[in-house]
Amino acid sequence: MGRPGFVVIAGPCAVESREGLLATAHAAREAGAAMLRGGAFKPRTSPRSFQGLGRDGLAFLAEARVATGLPIVTELLDVRHADDVAEVADVVQIGARNMAHPPLLREAAQTGLPVLLKRGFGATLEELLDAAEYVLAEGNDHVILVERGIRTFGDATRFTLDLAAVPVLRSRTHLPIIVDPSHAAGDARWVPDLARAAAAVGADGIMVESHHAPSEARSDGAQALTHGELAELVATIDPILAAVGRVRRTPGAPLPAPTAGVGDPVGA
Ligand code: PEP
Ligand code: MN
């Protein structure tokens with residue numbers, strides 16, 4: 001049996017306005033994204049940076065889901081927000097800065113929703129898999145692992161995308177593995193090539209930031225693709241998927257059912 005369709009998750013780093021989000025949501029759908037991302041609660045490195053619209057942002061995400069039919073991926077960063085986030089999210093994101101925070105992992109697991117778990121930028125793959133175990137231990141076996149770049153001495157990009165993580169994780173676990181080229185690159189110019197590399201190396205999908213006006217974005221604008229760049233990227237991924245025997249999941253297709261736990265490599 002082949003692996004499930006390659007999923008493109010796209011959307012702004014942060015939900016900034018109703019109109020902006022709806023514009024990007026429609027553009028993501030037209031480009032071929034199967035899910036919409038957008039943070040309402042943002043884990044910013046500096047407390048002086050924009051922290052997100054909070055519950056207003058969640059309301060805009062709910063509206064975007066109705067308008068486009070795209071399922072929503074949004075971050076949970078505080079156990080106190082779990083009920084509000086779970087009401088709107090189809091997939092709960094745990095950010096890199098919180099990967100190793102067991103109370104939050106348990107809370108995310110208890111929503112019963114799939115948990116998209118981002119690798120901490122100082123975390124080994126073993127530590128990522130251990131974090132996934134916290135979710136599985138709550139009886140939630142729908143965890144999606146995300147490679148989003150790690151900290152190395154390389155400073156030409158924001159982080160260093162560890163593409164080798166994909167085949168290595170594949171050998172260790174049955175869980176889907178997604179690559180986020182946006183946070184790794186930190187610069188929109190490098191995102192398309194890294195995204196295509198992710199498709200070639202066997203990832204189950206990509207999560208890409210896109211914005212209606214990147215230069216005006218309140219967070220991560222430098223790494224955001226324009227709507228046009230997003231559409232172009234998705235079109236160029238399809239031949240690569242064909243070459244590696246994969247197809248892209250089309251918008252509206254249901255999420256794949258959970259398969260097995262961390263300790264069950266593919267083919268085991
Ligand atoms: C994000 O997805 O916008 C984000 C904050 O990512 P990370 O947790 O990987 O830094
Ligand atoms: Mn971001």
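Index from 1, following the sequence. First listed ligand is number 1; within each ligand, the first listed atom is number 1. As the structure is a prediction and not an experimental result, all values here were calculated from the model.
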Counting each atom of ligand 1 from 1 as listed, which ones have a heavy atom of [X] under 4.0 Å away?
X     : value
Cys13 : 3 (O)
Gly95 : 8 (O)
Ala96 : 7 (P), 8 (O), 9 (O)
Arg97 : 7 (P), 8 (O), 10 (O)

With heavy-atom distances below 4.5 Å as the criterion, would you say the side chains of [X] and [Y] are in contact?
X      : Y     : value
Leu22  : Glu63 : yes
Cys13  : Lys42 : yes
Met35  : Val7  : yes
Glu75  : Arg37 : no
His227 : Thr24 : yes

With carbon and hydrogen excluded and only N/O/S kept, which atom of Asp220 is nearest the Mn ion (ligand 2)?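 Looking only at N, O and S atoms of Asp220, the one nearest the Mn ion (ligand 2) is named OD2.
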
Output the atom name for the N/O/S atom of Glu209 with the smallest distance to the Mn ion (ligand 2).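 In Glu209, the heteroatom (N, O or S) nearest the Mn ion (ligand 2) is OE2.
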
The Mn ion (ligand 2) as vertex, arms to NE2 of His183 and SG of Cys13: angle to 10°?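 With the Mn ion (ligand 2) as the vertex, NE2 (His183) and SG (Cys13) sit 170° apart.
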
Return the closest protein heavy atom for [atom] as residue, atom name and distance.
atom                   : value
atom 4 (C) of ligand 1 : His183 NE2, 3.4 Å
atom 9 (O) of ligand 1 : Arg148 NE, 2.6 Å
atom 2 (O) of ligand 1 : Arg37 NH1, 2.7 Å
atom 6 (O) of ligand 1 : Lys118 NZ, 2.9 Å

Any donor-acceptor pair under 3.5 Å from His211 side chain to Ala213 backbone: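 Yes; at least one donor-acceptor contact below 3.5 Å.
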
Axial cation check for Phe121 ring with Arg151, 6.0 Å and 45° limits: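 The answer is yes; both the distance and angle limits are met.
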
Cation-pi geometry met for Arg218 and Phe50 (6.0 Å, 45°):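 Yes - Arg218 lies over the ring of Phe50, closer than 6.0 Å to its centre and within 45° of its axis.
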
Any N or O of [X] that comes nearer than 3.5 Å to an N or O of ligand 1?
X      : result
Lys42  : yes
Asp220 : no
Asp180 : no

Option passing side-chain contact (heavy atoms from CB on, under 4.5 Å) with Lys118 (candidates Ile178, Leu128, Ile94, Asp180):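 The single option meeting the side-chain contact (heavy atoms from CB on, under 4.5 Å) with Lys118 is Asp180.
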
